[in-house]
A.B. asks: 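The structure's right below; bear with me while I get my questions together.
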Amino acid sequence: MPHRRYHIHVICADNDQLLVLDSVAIFFQVRAFLTYDVSSKLPKASLYGRQCIDSCDYALMIIGDSYGAVQKTGVSQMHLSYLNAKAKAKPLLIFIKNHYQETGVSRQLQELIKLVSRQDNQIYYYDTEDDIEALLVQAYYSAVASHKVRGGWVRATEEMIKFSRQTVAERLADLLSKNTNTNTNTNTNTNTNTNTNTNTNTNTKKERSVDEGFAADNVSKPIVLTQTFDVQYSAQAYEGGNLKDVTREVILSWQEVLITLMKIPSTFSSYGLQNAINRLIAPKAEIDIKNDMPNVHAVSRCQISQDDLNNLQRQLVSANWIQLTTYGTRLSQELWKLTFYARGLLEAENAQTDE
């Protein structure tokens, strides 16, 4: 299945070319999300069509045997949607049925075909619905290659899907259990090396006693503010009028993360945490991308990978930097807050710097 799906709005006269529309639906089943013009008889038909075109990534127009019912504006919904798509500069895939004899073709339909043909459009002609599938392959992939549109839906990874389906209580249990397993493995390795390195074992015990001093649980793990770590992010780079999807890594320090957390309101959701980290990454990403791609004039939509965000949140919980204050059965009901311990770390670091 394709990794990215787009929103395509289908423009066609109502009750016309039904088999062609069925072929379109089958072709785009795993490639795009489709919306369609509705009957001109509905009072909100033009409003609905305009809103769909405003939000779509591509528009697909099928001109068959009918011009469609004429509205009060003097044109059909199909004609109006075409004009809206052109005005919004939407990439257009246009399919026109061949009419070898103009007998039976309305004057309005003839004029619309002439208008579309005169303008700067890539047009694909067909005789019957049997021709459509091959033309769709050619037209769609040509349009995607020629028009690097923003938007679309990126298919989630299995871990992201599992993450989104978990209740908050399950997520919290998962966060704590993973860190418990990590600490258990660390303790096992430490005990294994006791006979060969007594000093290492002594230092580990001291760290554990310090850990127990600032948290009542047995899963907390201290973080050194000066330590750095890598996270992966995605972004969109604009170069020469084209949009490129970029995936890179950036180095963050725990002190930067803590300062970022301090700027968040008293309570925040997981989405709030994600947005804060994205803002932290954005200026670093812009410098990094522009250094490697000098022709890039803008960078946008920087976003930490879901896997790294989950890992970061687990470590923040483990280090007793954030704690869950409110939760329900839905992810949107989850609220976190920065702990007094984390605030004290930054204050202590600032006091040392002042000295």
Side-chain angles (χ1 to χ4, degrees), residues 4-18 20-25 27-29 31-99 105-126 129 131-132 135-153 241-243:
R4 185 183 293 272
R5 283 190 180 191
Y6 296 100
H7 172 195
I8 297 178
H9 183 67
V10 180
I11 302 169
C12 186
D14 49 322
N15 295 320
D16 186 30
Q17 305 301 296
L18 298 182
V20 172
L21 292 175
D22 288 345
S23 297
V24 169
F27 176 80
F28 285 111
Q29 180 184 4
R31 295 178 176 90
F33 301 104
L34 302 180
T35 53
Y36 298 82
D37 277 349
V38 295
S39 173
S40 301
K41 297 178 181 179
L42 296 175
K44 294 185 178 180
S46 59
L47 174 62
Y48 173 76
R50 185 171 68 252
Q51 290 175 336
C52 287
I53 290 171
D54 285 345
S55 62
C56 74
D57 300 305
Y58 297 90
L60 186 152
M61 185 177 188
I62 299 171
I63 302 178
D65 299 317
S66 173
Y67 177 75
V70 177
Q71 298 180 330
K72 294 179 180 180
T73 56
V75 296
S76 68
Q77 181 59 47
M78 176 174 66
H79 194 156
L80 184 61
S81 290
Y82 169 74
L83 296 177
N84 286 334
K86 292 296 286 185
K88 294 292 184 179
K90 295 293 182 178
L92 269 163
L93 291 73
I94 301 177
F95 301 85
I96 300 179
K97 184 176 180 180
N98 287 314
H99 296 96
V105 179
S106 69
R107 179 184 55 81
Q108 291 169 311
L109 182 59
Q110 293 178 34
E111 291 178 353
L112 176 60
I113 293 174
K114 290 177 182 178
L115 171 66
V116 172
S117 301
R118 283 197 306 266
Q119 295 182 341
D120 184 22
N121 294 311
Q122 179 66 52
I123 300 174
Y124 301 86
Y125 294 92
Y126 69 96
E129 61 275 2
D131 304 329
I132 287 296
L135 292 176
L136 282 171
V137 173
Q138 180 184 353
Y140 175 66
Y141 290 108
S142 175
V144 170
S146 302
H147 304 277
K148 300 295 185 181
V149 302
R150 294 181 60 182
W153 285 263
N242 295 320
L243 182 66

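Quick caveat, the model's predicted, so the values are computed rather than measured.
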A.B. asks: For residues Gln51 and Ser55, is any side-chain donor paired with an opposing acceptor at under 3.5 Å?
C.D. replies: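 Result is no, nothing qualifies.
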A.B. asks: For atom CG of Asn15, is the number of surrounding heavy atoms from other residues, nucleotides or ligands below 6.0 Å larger than 12?
C.D. replies: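 Result for CG/Asn15: open.
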A.B. asks: Can you see which heavy atom on Ser40 is nearest to which on Ala45, and at what distance?
C.D. replies: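 Here Ser40 and Ala45 meet closest at CA-CB, 4.2 Å.
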A.B. asks: Give the intermediate values and the outcome of side-chain contact (heavy atoms from CB on, under 4.5 Å) for residues Tyr126 and Ile62.
C.D. replies: CA-CA 10 Å; Tyr126 69 96; Ile62 299 171; 3.7 Å; yes
A.B. asks: Backbone N or O of Val38 within a donor-acceptor pair of the Asp14 side chain at under 3.5 Å?
C.D. replies: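 Here the side-chain-to-backbone pair does not exist.
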A.B. asks: How many angstroms lie between atom CG of Leu34 and atom CD of Gln29, to the nearest 0.5 angstrom?
C.D. replies: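 So the gap between those two atoms works out to 10.5 Å.
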A.B. asks: Under a 3.5 Å distance rule, please check whether Glu129 uses its side chain to pair with a backbone N or O of Ser23 as donor and acceptor.
C.D. replies: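 Not at all, since once roles are kept as given, no pair shorter than 3.5 Å links the two residues.
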A.B. asks: Compare every heavy atom of Cys52 with every heavy atom of His9, then report the nearest pair and how far apart it is.
C.D. replies: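 The pair with the smallest heavy-atom distance is ND1-CB, 3.4 Å.
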A.B. asks: Of His79, Gln108, Glu111, which meets side-chain hydrogen bond (donor to acceptor under 3.5 Å, both in side chains) against Tyr67?
C.D. replies: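 Between Tyr67 and the candidates, side-chain hydrogen bond (donor to acceptor under 3.5 Å, both in side chains) is satisfied uniquely by His79.
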A.B. asks: With no hydrogens and no angle check, is any side-chain donor or acceptor of Arg31 less than 3.5 Å from a backbone partner on Tyr6?
C.D. replies: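 No, because the side chain of Arg31 does not come within donor-acceptor range (under 3.5 Å) of the backbone of Tyr6.
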A.B. asks: Could you grab the distance from atom CD1 of Ile123 to atom CE of Met61, nearest 0.5 Å is fine?
C.D. replies: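 Nearest 0.5 Å value for the CD1-CE distance: 9.5 Å.
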A.B. asks: Closer than 3.5 angstrom, by distance alone: can the side chain of Lys88 be matched with the main-chain N or O of Ile53 as a donor-acceptor pair?
C.D. replies: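 Looks like no, no N/O pair under 3.5 Å.
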A.B. asks: So do the side chains of Tyr82 and Leu115 get within less than 4.5 Å of each other, counting heavy atoms only?
C.D. replies: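 Tyr82 reaches Leu115 side chain to side chain.
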A.B. asks: Would you say the side-chain atoms of Asn121 pair up with the backbone N or O of Val116, donor to acceptor, closer than 3.5 Å?
C.D. replies: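 Yes; at least one donor-acceptor contact below 3.5 Å.
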A.B. asks: Kindly give the heavy-atom pair with the smallest separation between Gln77 and Asp37, and that separation in Å.
C.D. replies: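 Looking at all heavy atoms of both residues, the closest pair is O-OD2, 3.8 Å.
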A.B. asks: Ignoring hydrogens and geometry, is there a side-chain-to-backbone donor-acceptor pair from His99 to Lys97 under 3.5 Å?
C.D. replies: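 A pair under 3.5 Å: yes.
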A.B. asks: Go through the steps for Leu136 and Leu60 under the test side-chain contact (heavy atoms from CB on, under 4.5 Å), then give the verdict.
C.D. replies: CA-CA 10 Å; Leu136 282 171; Leu60 186 152; 4.0 Å; yes
A.B. asks: What is the minimum heavy-atom distance between Tyr141 and Val137, and which atoms define it?
C.D. replies: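 For Tyr141 versus Val137, the nearest heavy atoms are CD1-O, 3.1 Å.
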A.B. asks: For the atom pair NZ (Lys90) and OG (Ser81), what is the distance rounded to the nearest 0.5 Å?
C.D. replies: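 If we round to the nearest 0.5 Å, Lys90:NZ and Ser81:OG are 13.0 Å apart.
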A.B. asks: Determine, stepwise, if the pair Thr35 / Cys56 fulfils side-chain contact (heavy atoms from CB on, under 4.5 Å).
C.D. replies: CA-CA 9 Å; Thr35 53; Cys56 74; 5.6 Å; no
A.B. asks: With side chains defined as the heavy atoms from C-beta onward, is the minimum distance between Ile132 and Phe27 less than 4.5 Å?
C.D. replies: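 They are not in side-chain contact.
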A.B. asks: To the nearest 0.5 angstrom, please state how far the CD1 atom of Ile94 sits from the CD1 atom of Ile11.
C.D. replies: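 One gets 8.0 Å once the value is rounded to the nearest 0.5 Å.
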A.B. asks: Just how far is it from atom CG of Asp16 to atom OG of Ser66, taken to the nearest 0.5 Å?
C.D. replies: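 If I round to the nearest 0.5 Å, the distance is 5.0 Å.
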A.B. asks: For residues Ile8 and Phe28, determine if any side-chain heavy atom of one lies less than 4.5 Å from a side-chain heavy atom of the other.
C.D. replies: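 Yes, at least one pair of side-chain atoms sits under 4.5 Å.
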A.B. asks: Output the distance between atom OH (Tyr125) and atom OG (Ser117), rounded to the nearest 0.5 Å.
C.D. replies: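 If we round to the nearest 0.5 Å, Tyr125:OH and Ser117:OG are 4.0 Å apart.
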A.B. asks: Evaluate Gln122 against Leu93 for side-chain contact (heavy atoms from CB on, under 4.5 Å), listing each step before the verdict.
C.D. replies: CA-CA 7 Å; Gln122 179 66 52; Leu93 291 73; over 6 Å; no
